[in-house]
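Whatever order the structure lists ligands and atoms in, that order sets their numbers, starting from 1. Starting from 1, each residue takes its place in the sequence as its number.
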Amino acid sequence: MTKHYVAEPYKIKVIEPISVTTKAERERFIAEAGYNTFLLRSNQCMIDLLTDSGTTAMSDNQWAGMMLGDEAYAGSRNFLHLQEVVREYYGFRHIVPTHQGRGAENLLSMIMIKPGDCVPGNMYFTTTRAHQERNGATFVDIIVDEAHDSQLDLPFKGNVDLSKLERLIAEVGAERIPYLCLAVTVNLAGGQPVSMANMRAVHKLCAAHGIKVMYDATRCIENAYFIKTREEGYADVTIAAILKEMMSYADGCTMSGKKDCLVNIGGFLCMNDEELYQKASELVVLFEGMPSYGGMAGRDMEAMARGIVESVDYNYIHHRVAQCRYLADKLDEAGIPVVKPTGGHAVFIDARAFLPHVAQDRFPAQTLAAELYVESGVRAMERGIVSAGRNRETGDHHRPKLELVRLTLPRRVYTYAHLDTVAEACIAVYKRRGRIAGLEMIHEPKVLRFFTARFQPLVDLAKTKARQPADIEKDDVSAQYRPAVLR
Ligand SMILES: *Cc1c(COP(=O)(O)O)cnc(C)c1O
């Protein structure tokens with residue numbers, strides 16, 4: 001059966017050349033970057049799939065809006081437009097603009113959390129959890145167990161396990177749970193969505209205990225698309241109507257505009273509660289800017305308002321998800337282990353299954369991302385033990401079950417031909433996977449270490465004899481590796 005992937009629903013009006021490098025150059029670049037793809041320069045990358053955050057190509061309509069920026073210090077007309085659009089599409093009463101998503105997370109965490117609180121969530125996100133912990137809360141994961149299994153092909157692996165939530169409420173008491181943070185979709189589970197039925201049930205249970213539900217709405221359009229295509233009763237409902245219903249089961253949200261609002265910078269915090277809004281308006285002045293710009297220029301707010309309208313267009317989101325599926329299908333056909341089902345913003349390679357001979361303490365996903373870059377100039381990122389950081393009490397690594405490399409697709413930037421190149425690179429690395437040894441961390445920042453940590457490669461002592469893929473399942477041979485001298 002031939003699979004169908006819808007063509008790009010846009011045509012190219014402006015182009016940006018990409019740099020072509022040699023393998024020898026890339027070996028040098030990755031060594032200089034401490035084997036951390038975050039530390040590469042973008043002009044050293046040929047296809048940059050590091051992130052979908054802020055890497056969107058804006059439309060001609062958004063660029064036209066940029067010229068209409070009203071850069072007044074207070075009361076900019078672009079804020080009023082943004083407020084109107086957010087009210088219409090997201091349905092919340094109040095919007096506080098912020099410089100990006102974590103600005104909104106900072107405000108929300110400061111306003112709602114007291115030391116000793118618990119904040120349940122459907123798997124953590126790096127900045128979200130860091131802000132919760134900074135304000136004295138403990139994050140508690142209440143996602144369904146299936147989310148931790150990369151091979152279970154289920155439609156809504158982002159769902160909350162309601163019995164885990166009930167147990168937590170019984171254990172700590174509702175008064176110690178200021179809000180539940182529901183991510184739609186779940187980035188670290190592979191972009192997995194939450195069903196409408198689950199949102200409804202979470203809202204009902206929380207409301208019964210007086211617990212607020214705050215969404216991390218960062219990829220809510222992708223979530224809405226999966227509801228439309230996977231959940232019974234929504235096939236004929238528009239993306240806009242699904243989005244509105246989703247948001248009706250929340251008391252507010254944080255938003256990284258750099259993702260589903262189709263802009264390069266910006267974010268916002270929303271809520272219905274008057275008192276929370278007053279507190280947020282006071283704090284935003286301290287950390288972001290006036291409540292009518294919150295760290296964004298007028299032109300940025302205009303681009304975001306227009307981006308929100310474009311984001312609910314079915315053709316846009318249908319193509320975006322098809323691109324992810326296209327890349328995942330290519331890898332899958334080559335036998336490369338990818339997270340299933342494919343999410344809406346990225347394809348995740350299961351690095352543990354790809355490199356079963358590399359122990360988690362040797363950073364298999366970090367290693368694979370570095371190898372992929374050397375192979376072809378494709379930049380990906382680690383989502384595994386490095387991203388997970390350390391346990392504050394024990395000082396040990398958090399050891400997530402999922403050890404993934406994320407190939408993240410910027411919105412409206414690359415074509416299917418680029419994705420062919422990415423797939424070829426992955427396949428080439430897969431063929432020589434037996435010779436890949438792992439890394440050792442030589443510099444570890446305390447907070448959000450994955451951004452700037454540095455590594456050095458471990459060399460295979462039996463380098464002269466390449467290990468065959470068939471051998472590598474047998475044992476954990478990482479103990480045989482020792483650190484190489486840093487080049
Ligand atoms: C990107 C992201 C954030 C943080 O947003 P920024 O705009 O990068 O500050 C929060 N949650 C999720 C799920 C994200 O992907």
_Heavy-atom pairs closer than 4.0 Å: do any link ligand 1 to the side chain of K258, the backbone, both, or neither?_
side chain

_Within-cut-off N or O pair, G101 and ligand 1, under 3.5 Å_ = yes

*Beyond-backbone contact of L182 with M199, side-chain heavy atoms, under 4.5 angstrom*: yes

*Just need the protein heavy atom nearest to atom 15 (O) of ligand 1, so name the residue and atom and give the distance.*
R219 NH1, 2.9 Å

*asked:* Can you see whether Y416 has K330 sitting over its ring - NZ or CZ less than 6.0 Å from the centre and within 45° of the normal?
replied: no

*Can you check side chain to side chain contact (heavy atoms under 4.5 Å, CB included) on L269 and I95, steps first, answer last?*
CA-CA 6 Å; L269 171 64; I95 166 179; over 6 Å; no

*Within the structure, does T127 bring an N/O atom to less than 3.5 angstrom of an N/O atom in ligand 1?*
no

_Proximity winner for atom 7 (O) of ligand 1, if only heavy atoms of G54, C181, S256, S53 are counted_ = S256

*asked:* Is it true that D52 and T408 share a donor-acceptor pair across their side chains at a distance under 3.5 Å?
replied: no

*Do R379's NZ or CZ and the ring of Y373 fall within the cation-pi criteria of under 6.0 Å and 45°?*
no

*Starting from atom 10 (C) of ligand 1, find the nearest protein heavy-atom neighbour and note its residue, name and distance.*
E105 OE2, 3.1 Å

*State the atoms of ligand 1, each with its element, that fall below the 4.0 Å cut-off from a heavy-atom position in N187.*
15 (O)

*For atom 12 (C) of ligand 1, the protein heavy atom that lies nearest, with its residue and separation*: D216 OD2, 3.3 Å

*Does the distance from a Lys or Arg side-chain N to an Asp or Glu carboxylate O, for E444 and R454, drop under 4.0 Å?*
no

_Out of all atoms in ligand 1, which are within 4.0 Å of some heavy atom of R102? Include the element for each._
5 (O), 6 (P), 8 (O), 9 (O)

*Report, in ascending order of atom number, the atoms of ligand 1 lying under 4.0 Å from any heavy atom of K259.*
1 (C), 2 (C), 3 (C), 5 (O), 8 (O), 14 (C), 15 (O)

_Between V119 and I177, is the side chain to side chain contact (heavy atoms under 4.5 Å, CB included) condition met? List the steps._
CA-CA 6 Å; V119 179; I177 305 176; over 6 Å; no

